[in-house]
Structures are given as structure tokens and as C-alpha cells.
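Reminder, nothing fancy here: chain letters follow the sequence lines and each chain counts from 1.
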Amino acid sequence: MHELSLVRSIVQTCSEYAGGAPVRRITLEVGALSCVMAEALQFCFAAVSDGTPLAGAELEILRRPGYSRCRDCGADIELQSLLDVCACGSANMSPPQGGDQLRIQSMEIEEAL
Amino acid sequence: MCTTCGCSGGARPLLTNTATGKTSRLEVAHIEAPIGVAQRVPRPRAGVRSTAAPTADLQHLERDLLAHNNTIAARIRDWLRARNILALNLVSSPGAGKTTLLERTLRHLRDLGDSTAVSVVEGDQETRFDAERIRATGCPSVQVNTGTGCHLEASMLAGALEELMPAPGSLLMIENVGNLVCPALFDLGEHAKVAILSVTEGEDKPLKYPHMFRAASLMILNKIDLLPYVDFDVETCLGFARRVNPDIAVVQVSARTGAGLPDWYAWLQAQQSALPA
Ligand SMILES: [Zn+2]
């Protein structure tokens, strides 16, 4: 499961940045066409973050769609999956653009008092 | 713990040089490598502090999760290009006949003479069975046992290349771990991905694994000798594959009987000829 690898990468990267301070929230951008499942990320996160500065942090996942254009009716299409078709029924579309993000956008750490 | 794959301690991938039997644990991403493809990637500076929240500190990281892998993959790609080595990343589900196809291809190329040297990086979770079959062909090979890892990552290939040291102008076959999901995500610096699908698997596989078939340059439809005995419509399958990847090339073969293999060899030849000299 590649989501586990990714979550370990998130936990390691964020732990280093936090420098030991507790992390409250991590915001990820995950493209809808990236072949990564948000549910699987959430599932792994609880287990992997246990015992790290990220334990108990909220994992916020911003799902980013991909884009394409229908070659038959000309409509712009927002893609939630590589298998989406146009509302007109056509599957003849330009190659998908975007929707492949896998990024840690930001994180919120607690201020030292 | 390794940033890229999460491996730790004894779980680090095991490299085996199948010619010498030499084994070593891969120092993932921490190798000071003579070939310089696996050096540690520098980390970006920490994010900018926000003054918006009084009790929390918002850090903008904007960090790509695959950045580490992709940096190593880019180095591998440069390294291969500089040596005119054609590297192909072979992916399939378990049981698609990938090892049989590879074995047969290696024997064919060997029998052509030494005009094209071939070497193999063999990705496996546990067994060495496949690697033995590859070793029997006489081609240099290194096996990477990924343990619990379900895919090869660029750092693993970098370590394998240091052991293998493929010759300039040669062909490098990378047999990825058998699954059609995870290897789609990890660039190894290869020239192209080749997806192998057998007619015993169901014609809708390209739709079930659209990312892999989108990432592949070639689909090899294997075990076509079994077509009379299975419920598999070739045209439907090709239609599905082209729906997710209009540019995908297709060859239909039987690695067992040899049917169609000249088409595969011709594709290989064309890829090699297309490399900048
Ligand atoms: Zn349309």
C-alpha cells in the first residue's frame, strides 16, 4: 500500500519541521487523479503518527480535481477520476491536466508559551 | 526511518547480486554513492511564520511528497542517458507471466550475440525464485527484496545500479514488484514503463488500474495462446486501454509458445534505435 509510504514521509517531514513542538493540523493537497486514496491516508495517519509530535493532529485533505475538455461538445470538464466522461456522454476528451498533486501544503504547530 | 519508503532497521531492502551471491542491505537514500545517484537530497528551509493565529504557528511547507523520489529518479535518468542505456520498467499483476516473458526475451537477445548486452534488476517482496530463473539465462542481475514494500523506489534502483554497473549502450530490464497500483506512483528514471497483462486476468484491467495503463508506453497482452479457452475479448480490452491512454502501443504475445514475440523485439529495437547516440 503506497499510502503507508506516503504517510511515513509526511510524519517524518513534519516532525523535522516542528522540531519537537506538538502539531495540531496538517493540510495536504491530494489530486483526484493521483491514485492515492484519502481514506487510506487517514487510516494510516493515526497509526503512523502515534508517539510522534503529530499524534492527535488533524489531517486535512484538500482534494484537487483534474481538468479536461470534451472534443465532441467542447465543454470544460472537472475530473474526479481518470474514467470520468463528459456530461454529453462522450469519452473523447483531451488528455487530463492537473489533479496529480501530492503535497504537504501547510501545518499548524502549537506556539511555545 | 527512511523518508521515502518508511523502511527502518532490518526492514531495509536487501540487494543480492545473483552472479556472485553477494548480499547487502540498501542504505536507502543515505548512500554516498560512487555513481552519485543516491546521495541524500537537501531539505528545503522551514516555512514562513504566520502572524494570523495567536496561539498556533502556521507553517507553509508546500512540499511535494514524491520530491525525494523524483529527485533521485531524475539523477538516474541523467546517469542512464549519459551512458546510452535503455531502461524499461516492467509492471504487471502477479501471474501475468512477466518473468517467463523476461526469461525468454533474455535468451533471445543472448542468442543474437553480444551486440546488445542486457542486465536485470529484479524487484521482489520475498522469494528468490524469479531471480534464479533470470540468473540461469546468464545475464547479470541484481535482486532487490523489498520486504513489505510493494513497489521499487528510485533509491532502490540507485543502489542496485551501483552493484550492477550496466555497460554503456546496454539494455536494462527492471522487473518491478507484482502489482499494478503502487509502481505507477514511483518514477525510477526509466525510459518507459511496460505493462504486461494476460488474457486470464479479465479485459477490464486497464479500467481498474487506469493510472498504470496511462503511465505505460507499451501494453503487452500475454498468454494469447489461451484465448480459445478463456472469456476475453481482445478488442474490448484494447478499447479500454486506449480510453485511458490513447497513445499506448500494444503487442500481443505468448511468452510460452513464442507467438507475437517478434513484435515485442521490434518494439525494443525501435526504442534502442531512437536513443540519442
Ligand atoms: Zn461533451
Side-chain angles (χ1 to χ4, degrees), chain A residues 1-19 21-31 33-37 40-41 44 48 52 57 66 71 79 81-85 91-96 99-113, chain B residues 1-8 29 43-50 52-70 146 148-151 153 177 179-186 204 206-215 239-240 242-247:
Chain A
M1 185 161 70
H2 52 286
E3 282 88 354
L4 183 59
S5 302
L6 296 172
V7 165
R8 284 171 166 159
S9 165
I10 293 165
V11 169
Q12 168 137 350
T13 302
C14 292
S15 298
E16 283 179 14
Y17 277 109
V23 176
R24 286 186 179 181
R25 178 208 289 262
I26 292 164
T27 303
L28 296 183
E29 283 182 80
V30 175
L33 311 184
S34 68
C35 85
V36 170
M37 289 180 5
L41 289 176
C44 297
V48 174
T52 75
R71 285 175 171 147
L79 298 174
S81 131
L82 282 174
L83 303 181
D84 281 359
V85 297
N92 179 18
M93 305 184 298
S94 61
D100 56 354
Q101 299 91 333
L102 277 177
R103 285 151 59 82
I104 307 171
Q105 187 196 66
S106 61
M107 70 174 186
E108 231 176 83
I109 61 177
E110 278 182 28
E111 285 279 15
L113 292 174
Chain B
M1 190 177 69
C2 158
T3 306
T4 310
C5 73
C7 57
S8 58
R43 297 192 173 283
R45 289 183 301 120
V48 183
R49 281 180 152 245
S50 163
T55 58
D57 185 11
L58 184 67
Q59 305 261 341
H60 294 278
L61 270 64
E62 300 296 350
R63 178 150 165 81
D64 190 326
L65 288 179
L66 295 174
H68 183 80
N69 184 76
N70 292 345
T146 59
T148 57
C150 50
H151 55 268
E153 298 191 7
V177 180
N179 92 64
L180 284 173
V181 182
C182 310
L185 203 54
F186 292 87
D204 59 346
L207 293 186
K208 284 187 177 160
Y209 302 96
H211 298 92
M212 186 53 90
F213 287 88
R214 185 188 176 198
F240 288 156
R242 292 193 173 115
R243 182 172 154 201
V244 295
N245 182 354
D247 300 323

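Interface remark: A/V36 contributes side-chain atoms only to the contact with chain B (heavy atom separation under 4.5 Å). If you measure heavy-atom distances from A/S34 to chain B, the contacts under 4.5 Å come from the backbone alone. Only the side chain of A/E29 comes within less than 4.5 Å of a heavy atom in chain B; its backbone stays farther off. There is no contact between A/P95 and chain B, counting heavy-atom distances below 4.5 Å. Using a 4.5 Å cut-off between heavy atoms, A/V85 contacts chain B through its side chain alone, with no backbone atom that close.
Here the CG-CG distance, from B/L65 to A/L6, works out to 5.5 Å after rounding to the nearest 0.5 Å. Here B/L58 contributes atom CG and A/T27 contributes atom OG1; the two are 7.5 Å apart, rounded to the nearest 0.5 Å. The CD atom of B/Q59 sits 10.5 Å away from atom CD of A/E108, with the distance rounded to the nearest 0.5 Å. Interatomic distance, A/T13 OG1 to B/H68 NE2, rounded to the nearest 0.5 Å: 9.5 Å. Distance OG/A/S9 to CG/B/D64: 9.0 Å, rounded to 0.5 Å. For the atom pair B/E62 CD and A/R103 CZ, the distance stands at 4.5 Å (nearest 0.5 Å).
Using a 4.5 Å heavy-atom cutoff, the side chains of B/M212 and A/C35 are not in contact. The shortest side-chain heavy-atom distance between A/M107 and B/L61 falls under the 4.5 Å cut-off.
Per-residue heavy-atom pair counts under 4.5 Å with chain A were compared for B/P210, B/P183, B/P246, and the maximum is reached by B/P210. When each of B/N179, B/L185, B/D247, B/V244 is checked for heavy-atom pairs under 4.5 Å with chain A, B/L185 comes out on top.
Formation of a donor-acceptor pair under 3.5 Å by the A/H2 side chain with backbone atoms of B/V181 is not found in this model. B/H60 places no side-chain N or O within donor-acceptor distance of the main-chain N or O of A/S106, the cut-off being under 3.5 Å.
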